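What follows is a set of notes on a single structure, which appears directly below.
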There are 2 protein chains.
Amino acid sequence: MKIGELSTCTGVSIRSLRYYEQQGLLTPVRLENGYREYSPFAEEQVRTIQLYLNLGLSTEQIAGFLHCVLKNKESFCEEIVPVYREKLKEIDEQIKLLQSIKSNLEERMQSILEEQSSQEREE
Amino acid sequence: MKIGELSTCTGVSIRSLRYYEQQGLLTPVRLENGYREYSPFAEEQVRTIQLYLNLGLSTEQIAGFLHCVLKNKESFCEEIVPVYREKLKEIDEQIKLLQSIKSNLEERMQSILEEQSSQEREE
DNA sequence: CTTGACCCTCACACTAATGTCACGGTTTAT
DNA sequence: ATAAACCGTGACATTAGTGTGAGGGTCAAG
């Protein structure tokens with residue numbers, strides 16, 4: 001399978017496929033003419049990469065356990081647990097920050113709206 | 001007040017003060033020697049900028065209402081309401097996304113831990 | 001043999017605020 | 001007069017994944 005086919009059947013851009021290779025996530029062989037040749041398993045592999053990217057993991061983190069996940073069930077890969085834990089912690093912090101900003105914004109919004117309506121009554 | 005003093009008394013780096021100027025948030029006059037001279041109000045102005053940056057607004061957004069906020073009470077500035085609304089919408093989307101990723105991660109984590117403990121019992 | 005559809009590499013752009021370095025002028029105190 | 005402490009501009013780096021374009025090789029069908 002050449003890169004164009006893999007791109008079409010996965011919906012991932014050629015640019016991204018080459019980037020994943022550069023990050024060590026894909027290792028196609030090269031034909032004599034220099035073209036990348038992907039095994040049939042590459043399709044699933046790309047979908048797996050996308051799955052983890054959508055979980056907010058970096059290519060570097062994914063590179064750390066991808067080889068294991070592709071051979072075994074995810075639950076067999078101990079490498080993945082600390083990554084999940086770290087990501088969860090990070091997400092919790094982000095949510096907390098966003099919620100505090102949200103409260104702050106809502107309060108300010110409320111003050112403005114109240115004051116504006118009281119000004120209207122005075123006019 | 002020169003830039004070093006303003007930096008010291010606000011805790012904002014000189015680099016950032018110059019950047020704010022470039023973004024139209026600060027407009028110090030220039031002395032004959034080319035040095036920036038800030039008015040005494042600049043200190044409050046910088047604190048105000050920081051406040052809005054910490055609410056996650058961009059310098060461009062801040063530039064849109066800063067002049068008003070510095071002259072009037074915030075509640076007098078209608079320009080600010082749509083910015084707050086937009087930011088709130090954005091934050092809600094981010095929180096939603098983070099929470100769905102969080103659930104997903106927690107489920108996966110749970111599966112792994114359950115399966116691992118069941119494997120231990122088999123050994 | 002030419003055209004079109006592939007493929008290759010390299011490299012710059014993007015976002016946004018900040019850090020940092022180079023290079024050079026100014027002011028102040030000794 | 002010289003050194004230290006300021007100030008100025010300009011430019012590159014950072015993050016991480018992706019888009020995009022240049023310039024050029026390959027291959028298959030007509």
Side-chain angles (χ1 to χ4, degrees), chain A residues 1-38 42 45-64 66 83 86-87 90-91 93-94 97-98 101, chain B residues 1-38 42 45-64 66 83 86-87 90-91 93-94 97-98 101:
Chain A
M1 186 164 31
K2 277 181 298 187
I3 198 167
E5 298 172 70
L6 186 57
S7 172
T8 301
C9 77
T10 59
V12 173
S13 74
I14 290 179
R15 176 69 175 87
S16 294
L17 293 176
R18 292 203 264 242
Y19 178 70
Y20 299 162
E21 176 177 352
Q22 192 188 324
Q23 300 305 112
L25 300 180
L26 290 176
T27 50
V29 298
R30 295 299 180 117
L31 300 178
E32 284 181 1
N33 57 16
Y35 287 14
R36 291 167 176 83
E37 175 66 26
Y38 294 91
Q45 193 162 350
V46 170
R47 295 193 196 286
T48 303
I49 294 169
Q50 286 283 297
L51 183 153
Y52 289 117
L53 282 177
N54 288 334
L55 285 176
L57 303 185
S58 67
T59 54
E60 192 184 353
Q61 288 175 312
I62 298 171
L66 186 63
V83 177
E86 192 185 344
K87 191 69 198 175
E90 198 181 301
I91 287 178
E93 281 164 11
Q94 285 184 57
L97 178 60
L98 286 174
I101 292 178
Chain B
M1 183 164 34
K2 278 181 297 187
I3 198 167
E5 298 172 70
L6 185 58
S7 172
T8 301
C9 77
T10 60
V12 173
S13 75
I14 290 179
R15 176 67 175 91
S16 293
L17 293 176
R18 292 203 265 240
Y19 178 70
Y20 299 161
E21 176 177 352
Q22 192 188 324
Q23 300 306 112
L25 300 180
L26 290 176
T27 49
V29 299
R30 294 301 180 115
L31 300 177
E32 283 181 4
N33 57 17
Y35 287 13
R36 291 167 177 83
E37 176 67 26
Y38 294 91
Q45 193 162 350
V46 171
R47 293 194 197 286
T48 303
I49 293 169
Q50 287 283 298
L51 183 152
Y52 289 117
L53 283 176
N54 288 333
L55 284 175
L57 303 184
S58 68
T59 54
E60 192 186 351
Q61 288 175 312
I62 297 171
L66 186 63
V83 176
E86 191 186 345
K87 192 69 198 174
E90 197 182 302
I91 288 179
E93 281 164 11
Q94 284 185 59
L97 178 60
L98 286 174
I101 292 177

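In this text the structure is predicted, and so the values were computed from the model without any measurement. Naming: A, B, ... by sequence-line order, numbering from 1 per chain.
A straight line from CG of B:L17 to C1' of D:dT9 spans 16 Å, rounded to a whole angstrom. Distance CG (B:L57) to P (C:dA17): 10 Å, rounded to an integer number of Å. The distance between atom CZ of A:R30 and atom P of C:dC8, rounded to the nearest whole Å, is 6 Å. Straight-line distance from the CD1 atom of A:I62 to the C1' atom of D:dG17: 11 Å, rounded to whole Å. The distance between atom CG of B:L55 and atom P of C:dA16, rounded to the nearest whole Å, is 17 Å. Going from atom CG of A:L6 over to atom P of C:dC6 covers 15 Å, rounded to whole Å. Distance A:R18 CZ to C:dC6 C1': 11 Å, rounded to the nearest Å. Spacing between atom CG of A:L31 and atom C1' of C:dC8 amounts to 12 Å, rounded to whole angstrom units.
Here OG1 of A:T48 is found 11.0 Å from CG of A:L53. Values are rounded to the nearest 0.5 Å. Distance check: A:I62 CD1 to A:Q50 CD gives 9.0 Å after rounding to the nearest 0.5 Å. Taking CD from A:E37 and CD from A:E5, the interatomic distance works out to 7.5 Å, rounded to the nearest 0.5 Å.
The shortest non-hydrogen separation linking A:K2 to A:Y38 is C-CD1, 4.1 Å. When all heavy atoms of A:L25 and A:T59 are compared, the pair lying nearest together is CD2-O, 3.7 Å.
For the helix from C:dC1-D:dG30 to C:dT30-D:dA1, the axis fitted to the five pairs at one end and the axis fitted to the five pairs at the other end meet at an angle of 40° (nearest 10 degrees).
B:R36 comes within 4.0 angstrom of sugar-phosphate atoms only, judged by non-hydrogen atoms across all strands, and of no base.
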Apply side-chain contact (heavy atoms from CB on, under 4.5 Å) to residues A:R18 and A:Q22 and explain how you reach the verdict.
CA-CA 6 Å; A:R18 292 203 264 242; A:Q22 192 188 324; over 6 Å; no
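Listed by first and then second residue, the salt bridge (Lys or Arg N to Asp or Glu O under 4.0 Å) pairs that reach into residues 22-35 of chain A are A:E21-A:R30, sequence neighbours excluded.
Of the residues A:L66, A:I3, A:L17, the one that meets the side chain to side chain contact (heavy atoms under 4.5 Å, CB included) test with A:L26 is A:L17.
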Sequence-aligned protein contact record of nucleotides 18-30 of chain C, with B where the base is within under 4.0 Å of a protein heavy atom and S where only the sugar-phosphate is
BBB----BBS---
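In this structure a side-chain-to-backbone donor-acceptor pair under 3.5 Å is missing from B:E86 to B:V83.
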